[in-house]
Protein chains: 2
Amino acid sequence: MSTPADPGARLGAELSDAVVMFHEALGALMGLSAADNKALGVIRREGPMSARELADRTGLTAGAVTGLVDRLEHAGYARRTRHETDRRRLVIEATAPASPQVNEAVAEMARAMGRVTEQFSPDELLVVARWVELTTATMREQAVRTAARTA
Amino acid sequence: MSTPADPGARLGAELSDAVVMFHEALGALMGLSAADNKALGVIRREGPMSARELADRTGLTAGAVTGLVDRLEHAGYARRTRHETDRRRLVIEATAPASPQVNEAVAEMARAMGRVTEQFSPDELLVVARWVELTTATMREQAVRTAARTA
DNA sequence: CTAAATGATTTAGTGAACTAAACCATATCG
DNA sequence: CGATATGGTTTAGTTCACTAAATCATTTAG
């Protein structure tokens with residue numbers, strides 16, 4: 001796991017590590033705990049959902065979700081709305097971060113990645129895109145399988 | 001941030017997301033909290049270090065580090081040794097996970113990534129490796145810059 | 001229309017991990 | 001050698017997010 005022999009695996013581990021580090025740093029800048037950040041990821045990934053759904057996705061109880069959404073809302077990363085037809089339900093949705101600090105960090109990352117992209121020809125970028133897509137699918141699948149082992 | 005217009009950025013965001021998801025799933029399988037998992041990452045990345053150094057790296061107090069290392073050690077992911085010459089100091093080092101569950105999850109991920117690699121020619125893999133290296137360096141740098149904004 | 005079910009919040013109590021400070025062991029300095 | 005500094009652990013007390021259960025509002029079923 002730590003610096004495997006296979007050079008491909010080593011590169012992958014280092015990239016993965018760097019990704020996680022950036023993610024953690026951004027979460028800290030946003031003032032979110034790891035758990036809250038993870039929940040926000042769920043909302044962003046799967047779109048607006050009710051409190052019950054969010055509870056199921058995160059493994060929390062209904063009461064804990066109330067507090068969680070309070071914090072996200074107060075920090076300006078999510079919003080509560082009433083459901084159109086069923087007025088018991090909430091619609092919890094992610095909002096664009098209001099903090100200039102956060103937006104600037106994201107923008108700077110985008111620019112930095114732009115400078116990486118610049119160094120590849122269109123043909124090369126197609127190869128990279130193909131690899132990124134396959135890798136993303138693989139990681140997603142392995143994440144699901146690994147999560148299933150925990151249960 | 002959520003599904004940006006630029007296709008390159010969107011792919012990057014999705015990869016990053018998948019990486020984080022796998023990392024979280026593996027941490028859960030290891031029975032580690034996000035904070036403990038992060039600390040273990042520090043030890044793995046920077047090698048053996050004293051409790052004081054680990055406290056500085058994680059931003060915890062000395063007392064908290066005692067508890068942290070207790071948990072990591074008990075779960076079988078780290079080990080305490082006495083420092084060779086200075087017997088006040090600890091040497092805290094990461095150990096290979098003993099859990100077959102964890103090792104199998106890691107091995108399965110390695111096999112899955114191997115199947116991705118198979119689908120590229122040697123020339124293409126050189127391109128991918130170049131991209132991965134540049135991206136890793138960029139993410140690391142941005143992680144540091146972003147962390148600095150928080151302080 | 002009433003009764004039961006469902007969605008979210010509130011409340012009370014718990015547990016885990018944190019800080020600050022006291023403490024022991026070892027090392028360094030005058 | 002004695003005084004002071006440093007590394008790690010222990011202790012007491014605090015904080016914070018969690019669960020379980022009670023509660024209120026709304027919807028669905030009989």
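All chains are named by letter (A, B, ...) in the order of the sequence lines, taking the proteins before the strands, and each is independently numbered beginning at 1.
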Participant: Send over the distance from A/Arg89 CZ to D/dC24 C1', rounded to a whole Å.
Facilitator: 18 Å

Participant: Suppose we screen for side-chain contact (heavy atoms from CB on, under 4.5 Å). Which residues come up paired with A/Thr117, at least two apart in sequence or across chains?
Facilitator: A/Leu125

Participant: For B/Lys38 and C/dC18, what is the distance between atoms NZ and P respectively, to the nearest whole Å?
Facilitator: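 Rounded to the whole Å, the gap is 12 Å.
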
Participant: Does any non-hydrogen side-chain atom of B/Met21 lie less than 4.5 Å from one of A/Arg45?
Facilitator: yes

Participant: CZ of B/Arg130 to CD of A/Glu124: how many Å apart, nearest 0.5 Å?
Facilitator: 4.5 Å

Participant: Can you check each nucleotide of nucleotides 24-30 of chain C against protein heavy atoms at under 4.0 Å and return B for base, S for sugar-phosphate only, - for none, in 5' to 3' order?
Facilitator: -BBS---

Participant: Tell me whether B/Val91 shares a hydrophobic cluster with B/Leu40, the cluster being built from Ile, Leu, Val, Met, Phe, Trp, Tyr side chains joined at under 4.5 Å.
Facilitator: no

Participant: Between A/Arg80 and A/Asp70, is any pair of side-chain heavy atoms under 4.5 Å apart?
Facilitator: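 They are in side-chain contact.
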
Participant: Can you tell me the distance, in whole Å, between the CG atom of B/Asp70 and the C1' atom of C/dC18?
Facilitator: 14 Å

Participant: Could you state the atom-to-atom distance from CG of B/Leu54 to P of D/dT9 in whole Å?
Facilitator: 11 Å

Participant: Output the distance between atom CZ (A/Arg111) and atom CD (A/Glu108), rounded to the nearest 0.5 Å.
Facilitator: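 One finds 6.0 Å between CZ of A/Arg111 and CD of A/Glu108.
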
Participant: Do B/Arg71 and B/Leu68 have side chains that approach each other closer than 4.5 Å (heavy atoms only, starting at C-beta)?
Facilitator: yes

Participant: Using atom CZ of B/Arg82 as one end and atom C1' of D/dG7 as the other, report the distance to the nearest whole Å.
Facilitator: 9 Å

Participant: Within the 4.5 Å heavy-atom criterion, are A/Thr135 and B/Val19 side-chain neighbours or not?
Facilitator: no

Participant: What's the CZ-C1' distance between A/Arg52 and C/dA5, to the nearest Å?
Facilitator: 13 Å

Participant: Under 3.5 Å, which protein N or O atoms sit close to an N or O of nucleotides 15-18 of chain D? Give each pair with its distance.
Facilitator:
{"residue": "D/dC18", "atom": "OP2", "partner": "A/Arg71", "partner atom": "NH2", "Å": "3.2"}

Participant: Give the rounded distance in Å between these two atoms: CD of A/Glu84 and C1' of D/dT26.
Facilitator: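 Answer to the nearest Å: 16 Å.
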
Participant: Provide, to the nearest angstrom, the distance between the CD1 atom belonging to B/Ile92 and the C1' atom belonging to D/dG7.
Facilitator: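 It works out to 11 Å between those atoms.
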
Participant: Atom NE2 of B/His83 and atom CZ of B/Arg89: how far apart are they, to the nearest 0.5 Å?
Facilitator: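 Rounded to the nearest 0.5 Å, the NE2-CZ separation comes to 5.0 Å.
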
Participant: Does A/Arg80 reach a base, just sugar-phosphate, or nothing at all? Heavy atoms under 4.0 Å.
Facilitator: sugar-phosphate

Participant: Hey, does A/Ala62 reach any base, or is it just sugar-phosphate, or nothing, if we go heavy atoms under 4.0 Å?
Facilitator: base

